[in-house]
Structures are given as structure tokens and as C-alpha cells.
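As C-alpha cells, the structure follows; a few thoughts come after it.
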Number of protein chains: 2
Amino acid sequence: MEDGIPTRCEQCIVRQFNSLRAMSKEELRRVSESKTTKLVKKGDSIFKEGEKLKGVYCVRGGVSKLSKLSANGKDQIVKLATKGEVLGQRSVIVDENTNLSATAVDDMEVCFIPKETIVNSLNSNPDFAVEMLRHMAHDLKEADDVIVNMGQKTVKQRIAEAFFYLKANFGEDKDGFLLLKLSREDIANVVGTATESCIRIISEFKKKGYLKTSGKKVAIIDEEGLRNVVDGF
Amino acid sequence: MEDGIPTRCEQCIVRQFNSLRAMSKEELRRVSESKTTKLVKKGDSIFKEGEKLKGVYCVRGGVSKLSKLSANGKDQIVKLATKGEVLGQRSVIVDENTNLSATAVDDMEVCFIPKETIVNSLNSNPDFAVEMLRHMAHDLKEADDVIVNMGQKTVKQRIAEAFFYLKANFGEDKDGFLLLKLSREDIANVVGTATESCIRIISEFKKKGYLKTSGKKVAIIDEEGLRNVVDGF
DNA sequence: CGGTGTTTTGACGTCGGTCAATATGTGTGG
DNA sequence: CCACACATATTGACCGACGTCAAAACACCG
């Protein structure tokens with residue numbers, strides 16, 4: 001997000017984090033030429049579940065939530081994607097409509113890369129395909145872990161874990177406040193519970209001294225206490 | 001499982017269901033030469049979580065459960081894999097220890113294919129890599145769906161859904177009994193609940209006339225009633 | 001300053017987990 | 001084929017976890 005000016009992919013640092021690192025100079029040039037850069041405001045949608053995507057979105061900055069509406073009308077957040085991650089690759093590869101919606105949780109900067117560009121490289125450059133396979137394999141493992149947590153842990157454990165996740169993946173400021181600010185509802189949708197339950201548990205954590213808040217910001221102050229909650233004590 | 005005699009992969013029908021379909025004749029020959037066929041008895045383990053796999057396992061017949069132990073000591077079944085599916089590819093691709101255990105739910109016949117054979121083709125044949133990518137993308141989508149179900153549906157809904165899943169994926173005999181017989185504990189571990197809760201809900205379903213049982217066999221007799229449960233009525 | 005959306009709190013009922021006791025198989029060796 | 005040992009299935013009782021409805025306390029914004 002340094003600036004809003006489209007950069008050449010060849011020099012984009014973000015690329016180091018995703019499968020585009022396996023592209024040749026020539027391929028990157030083609031991506032650079034075909035891509036378009038977009039600013040997405042906090043709360044805005046990048047794409048919605050059921051849409052047919054014409055390409056993928058490479059996240060240059062900001063955070064997005066990938067969610068799916070369930071029959072009861074509530075969103076389940078499946079994943080938070082940040083700098084370097086590529087959104088929509090699954091749908092492009094299997095050539096189906098998306099199964100997830102992507103929404104900005106932050107102000108974001110994303111690059112749209114047309115499907116054809118990706119598919120071409122995929123078919124001609126095994127390194128790129130394998131690199132993408134590696135990333136997908138990683139996502140799959142993470143999804144498996146989430147399934148296990150959802151199946152075996154209580155809501156309280158999952159909320160505690162969510163805070164560690166936020167800290168590990170998005171960091172905290174000098175005063176220990178988490179950099180990524182999610183609404184209580186979003187947190188509830190990550191762990192799969194009702195907003196009120198989520199709120200109640202968070203205030204319990206505050207009362208017990210595991211967390212503190214200031215405005216919308218949250219900080220972990222008793223790491224060990226919270227860790228015990230995750231482990232079921 | 002027609003017989004226990006190793007077959008040539010070139011003629012193996014199972015291959016049509018997985019990424020090996022994208023292999024060249026030459027590649028298939030190499031797979032055929034390097035593979036070994038194994039019979040696995042019901043209840044036996046194919047590999048355990050944390051192991052380093054030296055290759056992948058292609059399922060020729062039977063069903064296996066892929067599960068992960070959670071901190072509280074209970075298994076969560078993440079997926080049931082059947083004829084045509086390849087076990088362990090994720091770990092082989094990212095070159096990590098497995099995150100899941102694979103256990104036979106049925107008597108099984110599997111072919112072990114050494115890592116090198118797979119990796120070689122992956123690096124040289126983009127079609128194969130892309131085909132594997134497609135399968136992995138499909139798995140990922142399924143995992144996302146599971147996450148949503150776990151987060152948003154009640155245990156009762158998930159159990160009802162599990163029966164539809166068993167019917168759709170493994171079929172039923174002429175009398176409507178599900179072909180794949182899972183223990184109550186396994187069902188509980190699929191949906192992420194206690195065995196007793198699972199049992200209680202199944203007997204409720206029987207009482208309401210949605211299911212009937214005979215010995216270990218279970219049949220869906222009121223499809224619509226059960227469907228209403230899944231949808232939350 | 002009122003209006004709108006988020007956070008918090010209360011009350012209440014159901015869902016689901018745990019412990020424990022009892023059936024019902026199921027397999028093994030005699 | 002029986003008897004015993006052991007796994008699996010079933011049921012009851014109890015209680016804490018969680019979802020839901022509602023109302024109040026705050027925040028933020030034009």
C-alpha cells in the first residue's frame with residue numbers, strides 16, 4: 001500500500017510470499033501487463049460467493065475475510081487473507097463459481113490478474129504449478145486444523161486461540177494492542193458462535209486479566225493465562 | 001479388490017478418478033514399476049499423524065478415515081477416502097510429516113507409490129501438476145464446507161447430514177441399508193461430538209421413523225424427514 | 001443533538017458433555 | 001457349542017455451555 005501507483009510485478013515484494021515467485025521474467029512481464037490494481041475500502045466486497053471469477057486477486061496490502069453464508073443466514077469466516085495471498089485461485093483452477101465471499105476488513109490494495117494469464121503459466125511452467133500446489137497444500141492443512149478445532153474445542157478455547165492467531169499473524173503495536181481490529185461479530189463468525197456468546201467470553205477474559213481493551217483495540221496481557229484456556233484449563 | 005495380484009497401472013480403472021489420469025504412458029510405466037500393492041485389514045493403520053511418508057497411497061478398494069488427534073485425546077475424522085483417492089499427497093508435496101492418520105474402515109487394497117516417482121512427474125509434466133492441483137482445490141472446497149457446517153450447524157443437523165453423505169458417497173444395498181458401516185464412535189468423530197450424544201440422536205431418529213437399523217446396518221427410511229432436520233426444522 | 005450501529009448485560013431454556021450403570025454383541029479358547 | 005473376556009451400544013441423571021430474545025449502555029456520524 002506504499003502508494004496507489006501500479007508497480008511492475010517484477011519488483012513487487014509481495015510476490016515473494018506466493019506462487020508467483022516461481023514465474024519466469026517473461027511470465028512476470030505478461031502478468032504485469034495484464035493486471036490491474038484496485039483499492040478496496042474497509043467493508044467493501046471483493047467478490048461474492050457464487051460469482052464466476054475472471055481472474056485472481058493478489059493482496060498487496062490490508063486484510064480480507066473469506067466467508068461463506070450458511071443456511072441459517074450467518075456468515076462463517078473460513079480464513080483471513082493478508083499481504084501476499086492470492087484470492088480466488090481455487091475457483092479459477094477448477095473453473096467453477098467461487099464458494100466463498102471475500103470482504104475487506106481493512107483498507108486494501110489488490111491486483112487483479114486475469115484468469116488466462118494464470119492458466120497459461122500453469123500449463124506451461126511446471127515450477128509454477130508445483131509452487132501453487134504447495135500453497136494449496138498448505139491451505140488444506142490449515143483447513144484440516146480448523147476442522148479439528150471446530151469439532152473438538154469449546155467456544156471459549158476457540159476464542160482464546162483466535163487472539164493468539166491474530167497476534168501471530170497480524171502483530172501488535174508497541175503497547176501490545178492487536179493491529180488487526182475485528183468486530184465482535186467477526187470474531188464470533190471466525191469461531192462459529194453467536195455474537196453475544198463471544199462478547200460474554202471476551203468480558204470474562206478481561207475480568208480474569210487475560211485481555212484488556214481500549215476503544216476498539218484489544219491486547220493480550222496474560223499470555224500464559226490465555227494459553228491455559230486454549231489448552232482446556 | 002478383485003484380486004490381490006498387482007496390476008499394471010496402465011490398466012487400472014481407479015486411475016481415472018485421480019490425478020494419475022494425466023500421466024503419460026511412459027510415466028505410468030514408471031509408476032507401475034515402482035509401486036507396491038498392499039492389503040490393509042479393517043481397523044489397521046496405513047500411516048499415523050506425524051510420520052514422514054516415503055510416498056503416497058492410491059486406494060484401489062475399501063474405505064479409510066483420515067483423522068487427527070486433538071488435545072483432549074479424541075480423534076476428529078476429517079475425511080473419508082475411497083476408491084481412486086490418493087492419500088498422503090499433501091505431505092509429499094510440501095515435504096512435511098503427515099498431519100493426519102489414515103486408518104482402514106473396511107478391508108482395503110492400496111498401492112504405495114514412492115515419493116520420487118510422483119515428484120519427478122510433478123516437475124516435468126505440467127498436466128499432471130495441474131490435475132493434482134484440481135484435485136487439491138476440490139478437497140479444499142470440501143474442507144471449507146465442513147468448516148461452515150461445524151461452525152454453524154447443531155450436532156443433530158450434522159449427524160443427519162452425515163447419513164446423507166454416507167448414502168451419496170458409498171451407496172446402499174437393495175434393502176436401503178448403507179453399505180459403509182461406521183461405528184457410533186466413528187460417526188461421533190466425524191461430526192465432532194461425544195459418542196453418547198451421537199447414539200442418543202440416532203435413537204431419536206429411529207423413534208421418529210427417519211432411520212431403521214438391523215444389526216450394525218443403518219437405513220434411511222424417511223428421506224424428507226431427515227432432510228428437514230438437516231435444514232433445521 | 002438525535003439517529004444508527006455496536007457492545008454489554010440479564011434472563012431463560014435447550015443442547016450437548018460427562019459419569020455411571022446396564023445391555024448386547026463378538027471373538028477366543030476350551 | 002459353551003463360557004468368559006472385552007468391545008460396542010444404549011439409557012439415565014446431572015450440569016455446565018451456548019443460543020436466543022430483549023433491553024440498556026455506549027460509541028460514532030452527520
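All values below come from the heavy atoms of this structure, side chains included, with hydrogens, waters and symmetry mates left out. Numbered from 1 within each chain, the chains take letters A, B, ... in sequence-line order. Because the structure is predicted, anything quoted here is derived from the model rather than measured.
- Distance from the side chain of B/K216 is smallest for D/dA9 among the nucleotides C/dT8, D/dA9, D/dT11.
- For the pair A/R200 and D/dC18, the criterion of a side-chain N or O lying under 4.0 Å from OP1 or OP2 is not met.
- Taking side-chain N and O atoms only, A/K206 has a distance below 4.0 Å to OP1 or OP2 of C/dT8.
- Across the protein-nucleic acid pair, B/K207 atom NZ and D/dT11 atom P stand 7 Å apart, rounded to whole Å.
- If B/T213 and A/G215 are placed on DNA chain D by their nearest nucleotide, the residue sitting closer to the 5' end is B/T213.
- Separation of atoms CG (B/L20) and SG (B/C58) is listed at 6.0 Å; rounding is to 0.5 Å.
- The environment of NZ in B/K42 is sparse: at most 12 heavy-atom neighbours from other residues, nucleotides or ligands sit within 6.0 Å.
- Considering only side-chain N and O atoms, A/T195 lies nowhere under 4.0 angstrom from the phosphate OP1 or OP2 of C/dT7.
- Close to C/dG17, at under 4.0 Å from its OP1 or OP2, lies a side-chain N or O of B/T193.
- Here the straight-line distance linking atom CG of A/L166 with atom CG of A/L178 works out to 6.0 Å at 0.5 Å rounding.
- Taking the six-membered ring where the residue is Trp, A/F170 and A/Y165 present perpendicular rings, their angle passing 60° and hence far from 30°.
- Among the atoms of the strands shown, base atoms are found under 4.0 Å from some heavy atom of B/S197.
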